[in-house]
Amino acid sequence: MQTRGIRLSAIALHLVLILGACLMALPFVWMVLSALKDLSQVFIVPTKWIPDPFIWTNFKTSLTALPFGRAYFNSFYINVIVVVMQLLTCSMAAYAFAKVRFPLREPLFILFLATMMVPGQVTIIPLYLMLKEFGWLDSHLSIIVPASMLNAFGVFLLRQFFKGIPKEMEEAAIVDGAHRWTIYWRIMLPLIKPALSALGIFTFLGMWNSFFYPLIFLNSPDKFTVPMMLNLYRGMYATDWTLMMAGASIALIPVLIVYIIGQRYIIEGVTLSGIKG
């Protein structure tokens, strides 16, 4: 009876999880199906889920109506630079907070984490004025540099991994004559690959979907990223929802690929960071 009760509980749990997954996937399914409809069918009441007919040309039109090729290139190269720079800066800061003893280390780390509680909208005005003084407005530097300089969550995640590495390894390297940079680069970084992979994926997903900062800092269409280009389908008096949904569906492909490839690293990185904390 006890075994049967456990099986029933497991079945009930899986049913609840399947229902939750279906509810989470519903907006995505609606977006893809709307991309295949005629504009008059998108908001029809009651909702007509299956397009009649299927208009596959919406995907081709969404890519040719606006310079999406340029927007994809902008998003890709901005994402690559930001991911590389964040992994470097966050790992160096995390190593210092975890392994290097210096005055006020713990209070500074707490203060650093407190920046996670400050919404980006609060600091957008001083950031805008600083970038204006640097002459970086309407430039990709206004997106790349601030995103590459600071990520409190990334530092916290990597610090948890660094703290889980036995100090004897570092002491042995010091005895062998290794310098601090050598220990960090050749010994510590290879040991935290799961965390680096997870942080890289989080950063890529966040930057690819970023809309607020490009909206504030970029003005020229040739510098727009994918979310900004999608916003151009929204007109003053009308919005071409079918083309917008088609463009959004295409824009999700890199995100889905990155997540499918890296989901193991996300789970491993977040789980091990909690265990080693």
Side-chain angles (χ1 to χ4, degrees), residues 27 31 62-63 66-94 111-158 196 198-236 239 243-245 247-259 262 266:
M31 178 185 69
S62 69
L63 292 177
L66 294 173
F68 256 96
R70 182 67 182 181
Y72 264 96
F73 174 78
N74 292 339
S75 290
F76 268 115
Y77 100 83
I78 289 174
N79 270 263
V80 170
I81 294 176
V82 171
V83 168
V84 172
M85 291 302 298
Q86 273 206 17
L87 292 181
L88 181 62
T89 57
C90 290
S91 60
M92 289 193 295
L111 181 63
F112 191 70
L113 288 183
T115 61
M116 297 175 61
M117 304 178 188
V118 181
Q121 292 81 357
V122 174
T123 59
I124 191 65
I125 293 178
L127 180 60
Y128 183 92
L129 295 177
M130 290 173 59
L131 295 176
K132 182 180 179 181
E133 290 296 322
F134 295 153
W136 289 354
L137 293 180
D138 199 24
S139 166
H140 288 154
L141 288 174
S142 62
I143 308 299
I144 295 173
V145 175
S148 302
M149 295 287 289
L150 176 65
N151 185 346
F153 169 76
V155 174
F156 171 77
L157 178 68
L158 299 184
L196 291 173
L199 179 59
I201 294 169
F202 286 142
T203 303
F204 181 88
L205 298 180
M207 287 299 301
W208 184 266
N209 295 320
S210 177
F211 177 76
F212 178 69
Y213 288 100
L215 178 65
I216 299 298
F217 300 137
L218 301 180
N219 297 317
S220 302
D222 62 317
K223 296 183 175 66
F224 282 0
T225 57
V226 171
M228 286 288 294
M229 194 61 65
L230 286 174
N231 189 53
L232 293 183
Y233 283 120
R234 183 176 58 85
M236 182 178 297
T239 300
L243 297 185
M244 180 180 287
M245 295 300 131
S249 300
I250 298 173
L252 275 179
I253 294 176
V255 176
L256 292 176
I257 293 174
V258 169
Y259 182 77
I266 295 176

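Throughout, residue positions are numbered sequentially from 1 according to the sequence presented.
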### Query
Val226 versus Met229: any side-chain heavy-atom pair under 4.5 Å?
no
### Query
Where the side chain of Ser210 meets the backbone of Gly206, is there a donor-acceptor pair that is under 3.5 Å apart?
no
### Task
Could you tell me whether Tyr213 atom OH has more than 12 heavy atoms of other residues or ligands within 6.0 Å of it?
yes
### Summary
The reported gap from OG in Ser142 to CZ in Phe134 (rounded to nearest 0.5 angstrom) is 12.0 Å
### Flag if over 12 foreign heavy atoms under 6.0 Å of CG, Leu256
yes
### Message
Testing the basics here: between Ile78 and Met207, what is the closest heavy-atom pair and its distance to 0.1 Å?
### Response
CG2-CE, 4.0 Å
### Qualifying residue for side-chain contact (heavy atoms from CB on, under 4.5 Å) with Ser148, from Thr89, Val82, Thr203
Val82
#### Entry: Contact summary for Ser62 and Leu243, nearest pair of heavy atoms
CB-O, 3.5 Å
### Query
Going from CE on Met116 to CG on Asn151, what distance comes out if it is rounded to the nearest 0.5 angstrom?
8.0 Å
### Task
Count the heavy atoms belonging to other residues, nucleotides or ligands that lie under 6.0 Å from CZ of Phe204, then report whether that count exceeds 12.
yes
### CA sep, side-chain torsions, deciding dist, call: Ile253, Ile257, side chain to side chain contact (heavy atoms under 4.5 Å, CB included)
CA-CA 6 Å; Ile253 294 176; Ile257 293 174; 3.8 Å; yes
### Query
Which atoms form the tightest heavy-atom contact between Asn219 and Asp138, and what is the distance?
N-OD1, 2.8 Å
### Message
If you compare all heavy atoms of Leu127 against all heavy atoms of Pro146, which two are closest, and at what distance to 0.1 Å?
### Response
CD1-CG, 4.2 Å
### Query
Out of curiosity, Ile216 CD1 to Phe211 CZ, how far, rounded to the nearest 0.5 Å?
9.0 Å
### Distance in Å, Asn79 CG paired with Ile143 CD1, rounded so as to fall on 0.5 Å steps
11.5 Å
### Query
Closest approach of Gln86 and Ala147, non-hydrogen atoms and distance?
NE2-O, 2.7 Å
#### Entry: 4.5 Å side-chain heavy-atom contact, Met31 and Leu252
yes
### Task
Could you tell me whether the side chain of Leu232 reaches within less than 4.5 Å of the side chain of Phe224, counting heavy atoms only?
yes
### Task
Hey, could you give me the OG/CG distance between Ser75 and Asn209, rounded to the nearest 0.5 Å?
9.5 Å
### Query
Any side-chain heavy atom of Leu141 within less than 4.5 Å of one from Phe217?
no
### Query
Under a 4.5 Å cut-off applied to non-hydrogen side-chain atoms, are Phe212 and Ile124 in contact?
yes
### Message
In terms of relative ring orientation, are Trp208 and Tyr72 parallel, tilted or perpendicular, with 30° and 60° separating the classes?
### Response
tilted
### Task
Calculate, to the nearest 0.5 Å, the distance between atoms CG and OH belonging to Leu137 and Tyr128 respectively.
5.0 Å
### Heavy-atom pair of closest approach, residues Met244 and Leu230
CE-O, 3.6 Å
